[in-house]
Student: 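Okay, handing you the structure first.
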Amino acid sequence: MNSVKHVAIIMDGNGRWGIKNKKSRNLGHKEGLKTVEKIIKSSIKNKIRYLTLYAFSTENWKRPKKEINFLFNLLESFLVNKISELNKQNIKLKIIGKKKFSKKINILLNKSEKQTFKNKKLQINLALNYGSKSELINAFNLIKINKVKINEKNISKYLFTSNIPDPDLLIRTGSTQRLSNFLLWQIAYSEIFFEKKLWPDFNENDYNKIIDKFYNIKRNFGNI
Ligand code: IPE
Ligand code: IPE
Ligand code: MG
């Protein structure tokens with residue numbers, strides 16, 4: 001049986017859920033946050049060590065200002081209200097992506113990371129202003145500046161996910177089968193599950209079903 005250490009999730013479908021159920025994309029984002037909380041709990045139950053959540057891509061800046069502001073306000077209130085609880089549960093928060101936000105958000109993110117830095121139960125990598133291509137370019141530049149060899153070990157070392165094992169499992173909800181610039185290097189050997197449900201409809205049961213399927217996959221890594 002495979003063990004699952006690291007799950008990465010492209011949480012897609014909030015906007016469509018919101019339009020369908022509440023006539024507002026933003027209310028879909030609000031609902032999606034409830035799923036985030038459920039999946040965090042369920043990850044702990046499943047003894048998963050790393051959970052990487054795609055929350056905002058480098059391409060998502062193309063969206064209307066109103067939606068972007070709503071998303072960052074949601075992030076702000078989530079951190080303000082929940083970080084102590086996450087900390088109590090021994091959860092570590094790490095931001096992956098370039099922290100180029102408002103001063104207020106940057107301070108809050110740094111504070112939340114610092115507060116939970118020593119926690120060991122579950123590490124949540126929150127992908128914010130994250131793009132895999134920009135992450136790789138950044139890594140190659142660091143390799144150049146530090147005059148080290150271009151090899152697998154060094155590339156991995158200079159990514160935002162340095163010291164984190166590659167995802168065993170990648171899940172994308174929302175019925176679209178694409179990667180949208182997420183962890184292109186790190187998912188070289190991940191098992192990929194495309195889930196039809198929109199993110200706000202995704203629940204613990206769906207998550208457990210995917211994990212159960214994953215346990216029984218024969219992972220070859222090129223071997224036979
Ligand atoms: C994913 O849901 C969340 C973010 C990108 C912030 P979407 O907002 O992309 O939802 P759909 O795909 O438009 O339904
Ligand atoms: C991917 O979803 C990004 C996040 C879930 C944060 P998108 O909705 O932005 O992806 P595309 O644009 O449909 O590929
Ligand atoms: Mg989408």
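First listed ligand is number 1; within each ligand, the first listed atom is number 1. The first residue in the sequence is number 1, and the count goes up from there. Since this is a predicted model, take the numbers as computed values, not measurements.
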Student: Counting C-beta onward and ignoring hydrogens, is there a side-chain heavy-atom pair between Ser156 and Thr161 closer than 4.5 Å?
Tutor: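 No - every pair of side-chain heavy atoms lies 4.5 Å or more apart.
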
Student: Return the set of residues passing salt bridge (Lys or Arg N to Asp or Glu O under 4.0 Å) with Arg25 (not counting sequence neighbours), or none when no residue passes.
Tutor: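 With sequence neighbours excluded, Arg25 shows a salt bridge (Lys or Arg N to Asp or Glu O under 4.0 Å) to Glu67, given in chain and number order.
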
Student: Enumerate the atoms of ligand 2 whose separation from the nearest heavy atom of Arg178 is less than 4.0 angstrom.
Tutor: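 Result: 11 (P), 13 (O), 14 (O).
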
Student: In terms of side-chain geometry, is the basic nitrogen of Lys82 or Glu37 positioned less than 4.0 Å from the acidic oxygen of its partner?
Tutor: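 Looking at Lys82 and Glu37, the cut-off is met.
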
Student: How many protein atoms of type N/O/S are positioned less than 2.8 Å from the Mg ion (ligand 3)?
Tutor: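 My tally for this metal is 1.
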
Student: Using side-chain heavy atoms (C-beta onward) and a distance below 4.5 Å, is Glu195 in contact with Thr173?
Tutor: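 With C-beta onward as the side chain, the pair touches.
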
Student: Can you pull every nitrogen or oxygen pair between ligand 1 and the protein closer than 3.5 angstrom?
Tutor:
from	atom 1	to	atom 2	distance (Å)
ligand 1	2 (O)	Asp12	OD1	3.4
ligand 1	2 (O)	Gly13	N	3.4
ligand 1	2 (O)	Asn14	N	3.3
ligand 1	8 (O)	Arg25	NH2	2.9
ligand 1	8 (O)	Arg63	NH1	2.7
ligand 1	9 (O)	Asp12	OD1	2.9
ligand 1	9 (O)	Arg63	NH2	2.8
ligand 1	10 (O)	Gly13	N	3.4
ligand 1	10 (O)	Asn14	N	3.2
ligand 1	10 (O)	Gly15	N	2.9
ligand 1	12 (O)	Asp12	OD1	2.8
ligand 1	12 (O)	Arg16	NE	3.4
ligand 1	12 (O)	Arg16	NH2	2.9
ligand 1	13 (O)	Arg25	NH1	2.9
ligand 1	13 (O)	Arg25	NH2	3.2
ligand 1	14 (O)	Gly15	N	3.4
ligand 1	14 (O)	Arg16	N	2.7
ligand 1	14 (O)	Arg16	NE	2.7

Student: Determine the interplanar angle of the His6 and Tyr50 rings, folded into 0 to 90°, and report it as parallel if under 30°, tilted if 30 to 60°, perpendicular if over 60°.
Tutor: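 If you compare the ring of His6 with that of Tyr50, the planes turn out tilted.
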
Student: Assigning hydrophobic clusters by single linkage (Ile, Leu, Val, Met, Phe, Trp, Tyr; side-chain heavy-atom cutoff under 4.5 Å), is Ile164 placed with Phe117?
Tutor: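 Ile164 and Phe117: separate clusters.
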
Student: Scan for salt bridge (charged side-chain N to carboxylate O under 4.0 Å, His left out) pairs involving residues 153-176, sequence neighbours excluded, and state none if there are none.
Tutor: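 Those involving residues 153-176 are Asp12-Arg172, Asp168-Arg219.
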
Student: With heavy atoms only and a cut-off of under 4.0 Å, state how Arg172 meets ligand 2: side chain, backbone, both or neither.
Tutor: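 Contact part for Arg172 vs ligand 2: side chain (C-beta onward).
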
Student: Given salt bridge (Lys or Arg N to Asp or Glu O under 4.0 Å), test Glu59 with Lys133 step by step and report yes or no.
Tutor: CA-CA 11 Å; Glu59 288 73 31; Lys133 287 191 178 178; over 6 Å; no

Student: Report yes or no: does Asn138 contribute a side-chain atom to a donor-acceptor pair with the main-chain N or O of Glu135 at less than 3.5 Å?
Tutor: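 No.
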
Student: Name the one of Ile96, Leu79, Leu75 that satisfies side-chain contact (heavy atoms from CB on, under 4.5 Å) with Leu126?
Tutor: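 When Ile96, Leu79, Leu75 are each tested with Leu126, the side-chain contact (heavy atoms from CB on, under 4.5 Å) holds only for Leu75.
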
